Every structure is written in C-alpha cells, then in structure tokens.
Number of protein chains: 2
Amino acid sequence: MKDQEGSVTADDVAALVGVSRWTVNRAFKKDASISAKSREKVMKAAETLGYVPDLLATSLATDRTNLVALLVDDFANPHKLVMMERLTRILRKNGYDTLLVNTSDEEDASAALLNASQRRVDAAILIGVSFNDQSLETAIGAKRVKKLIVFARMSKNENTISVCCDDRAAMTAITEHVFAAGYRNPFFIAGPQTQSAHLQRKEIFLSQWEKTTGNRPKFASVDRYDPKLAYDLVVQRFKGAKQADLPDVLVCENDALALGACDAIRYELGLRVPEDIAITGFDDVPQASSPQYEITTYRQPLTDMANALVEVLEGKKRTKKLHAFLGRLIIRKSA
Amino acid sequence: MKDQEGSVTADDVAALVGVSRWTVNRAFKKDASISAKSREKVMKAAETLGYVPDLLATSLATDRTNLVALLVDDFANPHKLVMMERLTRILRKNGYDTLLVNTSDEEDASAALLNASQRRVDAAILIGVSFNDQSLETAIGAKRVKKLIVFARMSKNENTISVCCDDRAAMTAITEHVFAAGYRNPFFIAGPQTQSAHLQRKEIFLSQWEKTTGNRPKFASVDRYDPKLAYDLVVQRFKGAKQADLPDVLVCENDALALGACDAIRYELGLRVPEDIAITGFDDVPQASSPQYEITTYRQPLTDMANALVEVLEGKKRTKKLHAFLGRLIIRKSA
DNA sequence: TTGTACGCGTTATCAG
DNA sequence: CTGATAACGCGTACAA
C-alpha cells in the first residue's frame, strides 16, 4: 500500500470542484469554451491536488506525442554537444521533448530506431553521419516514423527533409579565403562518405578550387569525425614526406578533424600552424577558438536551423525537401 | 485520406491470423502461456503487416514507461558527451530510452522537469551541476518523479540516490601523486558549489594536503565547468603575479577546467606546463590525452556506474543512498 | 457553456 | 491455452 500514489487524475479534480471530468480537461486546454470562473476554480483545485494532465494518455488519444527522436552516432565530435544543446533548448521552447537515441553501435541502431518509433515520436531527427542507409530505408518503408529529418546535412533520400547550412556558399567562402591568403597547394580531409546523410563540402571545394586554379586538390577521408583519426591520417600521409610533397593548407570538413590534424602537424611533423601548414575547419566548436588552436572555420546558423526544424515539425513549411541557411566565416590565425 | 495510416494494431494481426487480439499480445510477451504454434503464426502475420506493440498504450496500462529523463545543464563540459554516450548506450541495452532534458536555462528547468514527469518517466537522472536545489525539492515533493538519481555526484538530499565515483579515493590518489612528484605549492580550481549535486573533491584535497604537509592550499571556484571560465580565472588571479606568488601546480576539479587553465598558463602567463606550473584534472575527457595537453587526470568507472544505475532503476539494489565506485589515476605529462 | 458515449492500444485478470 | 471484461487517462464529437 503505497502512499496516495502520485497519480492524480482529472476525475479527482472534477470531484473536488464538483464538475465533470471534461470541464477539468477544458480548463487545461488553451482555447476551449469554458467560463473563466469554472477554469479558475478548476485550476485552483488542480494546484492543491497537484494535478497535471498525463501526456501518455494525451498522446494515445491524439496521436501526437510532441516528442522527437534525436539520432546521434558520432559522439567523438564536440560539435554534437553544441547541437544537442541548441536543439533541445529550442525544441523545448516549442513544446517538444527530445528522445536521445545513441546509434553509434550499429547493432543497436535499428533496435533503437524501432523503439523510438514505438513511442510514436512525431519525427526522427538525424544529426549523425554513418547512420546505416539500410535501416533508414527500413524505418521509412515501414512508415513507422512519420517524419524523417536530416539536420545539418543533405540527404538524397526521397522521403527525407534536410535542414542545413548552405554548404555551397560556405565552401565558396572558405575557398576564396584560402586562395586570397595565398595558399596554392591544399589538401582536403573529409569524413565518412554516406548516402543517407551527405555533405557536399569536399566536392564543392574540389570543384571550386579547380575552377579557380586549374588543378584539382588531393584529398583523403576518415571513417568517423574523430580528432584522433585525423591525427593518424596526417601522420600516415605526411610524416617523413619531402617538403615538396607537403600541402600548404589542410582544408578540413569540420573542426573535429581540423583539431586532430593540427595536433599532428605540430607534434608529429614538427611543423608550425599556419606558417608551415595552415588549417581550416567547419562548425566553430568551442575549442576552435582556444588559443592553442585559433582555427579559421565556418559557423553554421544553428538557431535559424533549429527554428526551421520546428516549423517543419509543425508542418508550417511546405514539404520542401531542403531548407538551407547561410552561415558565417570565422577567420582566425590558423589560415 | 492518408495511406494505410501506419498504425497497425493487434486487432489487425488477430484478424489476419484468425485469433483474438489477446493471443496476439501474448505472442509478444516473453513468458506468456501460449502455444508455440500460435505464437509462430502470430509473429509471421505481424511481420508481414509490420506490427509492433505500441509503447504508449503499454505504458499507460502498466504504469511503467521504461523511459528515463536525463537532466543536463553544463553543455560546455566535454565530459558530458562521454557520459551521454555511455549512459544512453547502456540504458538502451537494458531496455530503457532516454529523454534528454536541457536544464541550462534556469527558467525552463522546472518546466522541463515537469514535462518529463508528465511523461511518467521511471526516473530522472541528474548529470548536471547547478541544478536548482529548489525545483529539485519541488519535483520530489510533488512525487511526480518516482526516482531521482544523481549521477557522478553526491547528493545530500534525502530523497535522492547517488551513483558516483569514489571521490575520496580519487582525490587521495591525486594528492599522493602530486606530492610525490615534488610539488609543494598547489592551488585548487573548483567548479560551482551547489547542495543538491555536490562534489567533495575540493574539501578532500584540501584536508588531505593539509594532513600531509601542514598547510592548507588556496583555492577559487568558477560558476560553470567551462574552460573559458577557468582560463579567465587563471588570468585574473595570476597574470603579472610575482614568481613567489605563483603555485607550482593547479589541481582542477575536472578536465574542463584543467584545459582552460592550461591554455591560460601558456598563452597569457607565458609559462610552461608542467615545468613552470603543473596541472591535474579529472574525468579523462578525450582532449586530455591530446598531445597539446597530456593532462594527468582521473578516469571515472563510467561503465560500472552506468550498470549500477540500471540496477537502481530495476530496484535490484537495496535503496542504498550512495553507490560509489573506484576509478583510475591516469598519469600523463602535465603533472 | 457543460455533460455524455465512445475510442485510443495495451495489460491484468478471470472464465471457459 | 484461449477468449472476454475492465481499466489506464484523456480527446473528439455530439447532445443537452
């Protein structure tokens, strides 16, 4: 026999006030036809009883959960922390709660997604990368997930909506800056290459650079956005290389890679940044502005993007497949 | 008129198989009395129809959601990313989903907590710091939250369960190491001081050091676990100070602070780490092992802690108020 | 403005 | 082992 069992229902309040349960419900509904007097009485009683509507029951009845699943897979990328903070805050401000789904473990990924769908999330938001194209298809195919949104990336998938930064404008700005700064021998470090959640940064940079200078830069990619992997890549690729074979600037797909690359240049190649090899990143993670790094980077308009995301959730925006926003180039010392 | 409306219910499956809805349900329940044959038929039909039990309805009926709220407030601390990854993964492995609640905005905090409780989470897990003592009290008082667990911290609150690292053992190890390494003039940098989710590191270090050497170290604290704040603190406190007034080691409450302090020593004071001033941290965040920092730190047994957390959720562990685990000192170059 | 069936999809429990 | 009834807490639609 537990205490009074925490669960106060609308009936309890109704009984106390002396009205029907539905009147109580109306009191909690924004634009319901109820007399101010009734509402006031109800609210007061609710207060003393500690009643609040049960979202579980509400969701079950309305088929709207106000819950979204946030699928994340690369926890090694510090930018994820920034994104999560911004997204959860703005979503909450708009009445949404966030289910954090860790899909870094391939096996669990589909199970996790399935589970989220079983909770009838209003939408699934991908802010990961290497999310299995296959299970994504499955999820959509089964229509279990009402909306699938790819955040901060493009998606070629037909059934998906992308809310992201305008990569073309961004990389153009970076390219122009790098060129104007006098660098002539860039090397591009890319992240994982997937179909479902794609980034065009590499392609855009390569073609822009080729258009400008006539030659196509070399590049390489790593499997995850993990500074350590970028570190290893730089070591393996450039340690002991002849001066002539070294690039004069490393254009990185994002800061996570840039940070690792920067460490490698200094501690493994024994060279200086930017004097010997310059670096650019993307995202403007907090670390990028640390005096140790001072990475020249590009800041995504996260708030705009998050707000657009909300609009997509509410169905305000037309079912446009792509919502792209302009960010800002942040010039620091690294390039 | 939407398509077939995604929502396949047990009734649909039942109709297809030619049994009652309850038989279908039993097929999905681990230890239900149902013939193997029936189950097989049901499962096959479910597969083709794409049926999975609805967790909303299940929760409503069972009063168990298998959902926990993760309350986070200091997103500037990179260790949070590590914790979130570990927790979500282990929770999921044990059948729990995670609601990520951002409480960094004071105003939203209580609303967010209330909202989580309206979803009937099985427990609320605090991995933040400056969580408002007041709203915590409110939450517990209203009995809206069944279990309140403070992760990676101590809590003086009676109605709370702590799952954390043994700070006494940890700080003892750090103290001994620092002393053995020959440092004699330490300065402690602490984080925010709250009641609800407390850390004893400062107190323990101060008393241990005093016991060993006879003098009590000086210390200072910042409002958030943000490298930038530690950076500013070091600058403000030591920039331009006389050699004699400088400590020979900065013992930091965690890596977030250590990283910022390290930057300040090098870039603002123009000194070397560890030659001029050494540093120790806590948590062993990924960055701490970067060649730029090489921070001597202490790694919490996160997996053990997460598993203990699960046991608390399942009610296996006695309602012990505190569950502490032993971590490991990681010695690097910074001290 | 207020009150009344009925349904949302599942589980617990009892009858057959 | 299987079918049926009640209940979880609330929303919609309609009637009063």
Side-chain angles (χ1 to χ4, degrees), chain A residues 2 4-15 17-43 45-46 49-67 115 117-122 144 146, chain B residues 2 5-43 45-46 49-67 115 117-122 144 146:
Chain A
K2 308 180 180 179
Q4 58 185 41
E5 189 55 33
S7 48
V8 187
T9 84
D11 278 317
D12 300 327
V13 180
V17 180
V19 294
S20 74
R21 172 167 72 76
W22 294 272
T23 302
V24 174
N25 270 304
R26 278 188 257 268
F28 279 88
K29 211 180 165 190
K30 191 69 183 169
D31 41 303
S33 59
I34 180 179
S35 69
K37 213 177 69 178
S38 296
R39 168 170 277 151
E40 189 179 354
K41 280 196 301 184
V42 169
M43 292 313 250
L49 255 46
Y51 167 79
V52 274
D54 184 330
L55 288 180
L56 236 55
T58 302
S59 298
L60 186 57
T62 59
D63 197 41
R64 193 174 193 260
T65 54
N66 276 34
L67 183 67
N115 216 263
S117 77
Q118 285 184 268
R119 293 194 189 276
R120 300 221 208 155
V121 291
D122 288 340
R144 302 276 334 159
K146 305 174 196 164
Chain B
K2 307 179 182 178
E5 190 53 33
S7 47
V8 186
T9 82
D11 277 319
D12 300 327
V13 180
L16 180 60
V17 180
V19 295
S20 75
R21 165 154 53 90
W22 297 275
T23 301
V24 172
N25 273 306
R26 277 188 261 265
F28 278 87
K29 212 178 165 192
K30 191 70 181 171
D31 41 304
S33 61
I34 180 180
S35 69
K37 213 177 74 177
S38 295
R39 170 168 275 151
E40 189 178 356
K41 280 197 301 184
V42 168
M43 293 312 250
L49 255 46
Y51 167 80
V52 275
D54 185 331
L55 288 180
L56 238 53
T58 302
S59 299
L60 186 58
T62 58
D63 197 42
R64 192 175 195 259
T65 54
N66 275 35
L67 184 67
N115 216 264
S117 76
Q118 286 184 266
R119 292 194 189 276
R120 302 221 206 151
V121 292
D122 289 339
R144 303 275 334 157
K146 306 175 198 165

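Letters go in sequence order (proteins before strands), and every chain restarts at 1. Only heavy atoms go into these numbers, but all of them, side chains included; no hydrogens, no water, no symmetry mates. Small disclaimer: the values here were computed from a predicted structure and weren't measured.
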Side-chain donor or acceptor of B:Arg120 under 3.5 Å from a matching atom on the base of D:dG9?
no
hbond_proxy B:Trp22 side chain to D:dT5 base (donor-acceptor, 3.5 Å cutoff):
yes
Just how far is it from atom [atom1] of [X] to atom [atom2] of [Y], taken to the nearest 0.5 Å?
X       : Y        : atom1 : atom2 : value
A:Leu67 : B:Arg119 : CG    : CZ    : 4.5 Å
A:Leu56 : A:Thr65  : CG    : OG1   : 10.5 Å
A:Asp54 : A:Leu60  : CG    : CG    : 10.0 Å
A:Ser59 : B:Gln118 : OG    : CD    : 10.5 Å
A:Ile34 : A:Lys41  : CD1   : NZ    : 9.5 Å

Trace of the side chain to side chain contact (heavy atoms under 4.5 Å, CB included) decision for A:Val42 with A:Arg39
CA-CA 5 Å; A:Val42 169; A:Arg39 168 170 277 151; 5.7 Å; no
Using whole Å, what does the distance between atom [atom2] of nucleotide [N] and atom [atom1] of [X] come to?
X        : N      : atom1 : atom2 : value
A:Gln118 : C:dT10 : CD    : P     : 10 Å
A:Leu56  : D:dC10 : CG    : P     : 10 Å
B:Phe28  : C:dG9  : CZ    : P     : 15 Å
A:Asp54  : D:dG9  : CG    : C1'   : 6 Å
A:Arg21  : D:dC8  : CZ    : P     : 11 Å
A:Asn66  : D:dC10 : CG    : C1'   : 15 Å

For B:Val24 and B:Tyr51, the nearest pair of non-hydrogen atoms, with its separation, is CG1-CE2, 4.2 Å
List the atom of A:Ala46, the atom of A:Val13, and the distance in Å for their closest heavy-atom pair.
N-CG1, 4.0 Å
Go through residues 9-19 of chain B and report each residue with a non-hydrogen atom lying under 4.0 Å from DNA chain C, sorted by number.
B:Thr9, B:Ala10
side-chain N/O [X] vs [N] OP1/OP2, d < 4.0 Å:
X       : N      : result
B:Lys29 : C:dT10 : no
A:Thr23 : C:dG3  : yes
B:Lys37 : D:dC1  : no
A:Asn25 : D:dG11 : yes
A:Thr62 : D:dT12 : no
A:Ser20 : C:dG3  : yes

Restricting to pairs with a member in residues 10-24 of chain B, which pass side-chain hydrogen bond (donor to acceptor under 3.5 Å, both in side chains), not counting sequence neighbours?
B:Asp11-B:Arg21, B:Ser20-B:Thr23
Checking all strands, does B:Ile34 fall into the base, sugar-phosphate, or nothing category for heavy-atom contacts under 4.0 angstrom?
sugar-phosphate
Describe the nucleic acid contact of A:Ser59 in one word from base, sugar-phosphate, nothing, applying a heavy-atom distance below 4.0 Å.
nothing
Could you tell me whether the side chain of A:Leu55 reaches within less than 4.5 Å of the side chain of A:Asn66, counting heavy atoms only?
no
Closest nucleotide among C:dG9, D:dC10, D:dT2 to the B:Ser38 side chain:
D:dT2
Taking the nucleotide of DNA chain C with the nearest heavy atom to each, does A:Ser35 or B:Leu55 sit closer to the 5' end?
A:Ser35
Dump every N/O contact between nucleotides 14-16 of chain C and the protein below 3.5 Å, one line per pair.
none

